[in-house]
K.L.:
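Encoded as structure tokens, here's the structure I'll be asking about.
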Amino acid sequence: MAKQVLKRNLISKQELAVLKNLHIKYSNSKEHPSCDISQISVDTGIRDNDEVLRALYTLEGKCLVSPEPAGSFTSNIWKITDVGIQALSLVDQ
């Protein structure tokens with residue numbers, strides 16, 4: 001039970017949905033693994049782009065995603081990082 005509570009505090013459902021979506025983009029096209037915020041919104045079912053952006057900023061703070069180009073936080077294009085890929089594999093276990 002404590003493990004479930006800990007997981008819930010580490011990453012929200014929306015953050016997990018965004019991370020999984022970016023991982024799918026990465027898996028499908030490693031040459032162009034990035035995705036636009038509006039497409040992430042459509043793919044995840046999160047209707048508000050601001051909610052997607054909030055999730056992306058939180059995930060970026062955890063080094064799980066990165067804007068394109070790197071360091072440009074006004075970018076609408078984001079991708080999963082190597083750390084994000086590893087973290088997602090741990091969450092899915």
K.L.:
Work out which heavy atom in Ala17 is nearest to a heavy atom in Thr44; give both atom names and the distance.
P.N.:
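Closest heavy-atom pair between Ala17 and Thr44: O-CG2, 3.6 Å.
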K.L.:
So Asp43 and Ile24, do their side chains get closer than 4.5 Å, heavy atoms only?
P.N.:
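A side-chain contact is absent here, since even the closest heavy-atom pair is not under 4.5 Å.
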K.L.:
Are Ile77 and Tyr57 linked, directly or through other ILVMFWY residues, by side chains that come within less than 4.5 angstrom of each other?
P.N.:
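Different clusters.
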K.L.:
Salt bridge check, Glu15 against Arg54: does any charged N sit closer than 4.0 Å to a carboxylate O?
P.N.:
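A salt bridge is absent here (no side-chain N lies under 4.0 Å from a carboxylate O).
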K.L.:
Answer yes if Val42 and Val52 sit in the same cluster of Ile, Leu, Val, Met, Phe, Trp and Tyr residues linked by side chain heavy atoms under 4.5 Å apart, and no otherwise.
P.N.:
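Different hydrophobic clusters.
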K.L.:
State, yes or no, whether a side-chain contact exists between Pro33 and Lys25 at a heavy-atom distance under 4.5 Å.
P.N.:
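Sidechains of Lys25 and Pro33: no contact.
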K.L.:
Measure from the side-chain N and O atoms of Thr81 to the backbone N and O of Cys63, and report whether any donor-acceptor pair falls under 3.5 Å.
P.N.:
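Checking the backbone N and O of Cys63 against the side chain of Thr81, a donor-acceptor pair under 3.5 Å is found.
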K.L.:
Answer whether the closest heavy-atom distance between the side chains of Leu56 and Val18 falls below 4.5 Å.
P.N.:
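With C-beta onward as the side chain, the pair touches.
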K.L.:
Is a donor on one side and an acceptor on the other found under 3.5 Å between the side chain of Ser41 and the backbone of Ile37?
P.N.:
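Here the side-chain-to-backbone pair does not exist.
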K.L.:
Which atom pair, heavy atoms only, marks the closest approach of Leu88 to Leu16?
P.N.:
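Result for this residue pair: CD1-CD1, 3.8 Å.
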K.L.:
Considering non-hydrogen atoms only, spot the tightest contact between Ser72 and Pro67 and give its length.
P.N.:
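Closest approach of Ser72 to Pro67: O-CB, 3.2 Å.
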K.L.:
Report the residues that fulfil side-chain hydrogen bond (donor to acceptor under 3.5 Å, both in side chains) with Glu60, sequence neighbours left out, ordered by chain and then residue number.
P.N.:
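Applying side-chain hydrogen bond (donor to acceptor under 3.5 Å, both in side chains) to Glu60 gives none.
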K.L.:
Once you round to the nearest 0.5 Å, how far does OG of Ser89 lie from NE2 of His23?
P.N.:
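Taking OG in Ser89 and NE2 in His23, the distance rounds to 8.0 Å.
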K.L.:
Distance from Ser66 atom OG to Trp78 atom CH2, nearest 0.5 Å?
P.N.:
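The OG atom of Ser66 sits 7.0 Å away from the CH2 atom of Trp78.
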K.L.:
Starting at OG of Ser12, measure out to CD of Glu51 and round the result to the nearest 0.5 Å.
P.N.:
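Nearest 0.5 Å value for the OG-CD distance: 9.0 Å.
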K.L.:
Please assess Ile80 against Leu19 for the test side chain to side chain contact (heavy atoms under 4.5 Å, CB included), listing each intermediate value before the final yes or no.
P.N.:
CA-CA 7 Å; Ile80 192 168; Leu19 192 61; 3.6 Å; yes
K.L.:
Could you work out, with side-chain hydrogen bond (donor to acceptor under 3.5 Å, both in side chains) as the rule, every residue matching Ser38, not counting sequence neighbours?
P.N.:
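Partners of Ser38 by the side-chain hydrogen bond (donor to acceptor under 3.5 Å, both in side chains) criterion, ordered by chain and then number, come out as Asp36.
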K.L.:
So which heavy atom on Lys79 is nearest to which on Leu22, and how close?
P.N.:
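Heavy atoms only, the tightest pair is C-CD1, 4.1 Å.
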K.L.:
Checking Asp82 against Gln86: is there a side-chain donor and acceptor pair closer than 3.5 Å?
P.N.:
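Looking only at side-chain atoms, Asp82 and Gln86 do not form any donor-acceptor pair under 3.5 Å.
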K.L.:
Verify the cluster assignment for Ile11 and Leu53: are they in a single hydrophobic cluster under the rule of side-chain heavy atoms below 4.5 Å apart?
P.N.:
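In one cluster with Ile11: Leu53, yes.
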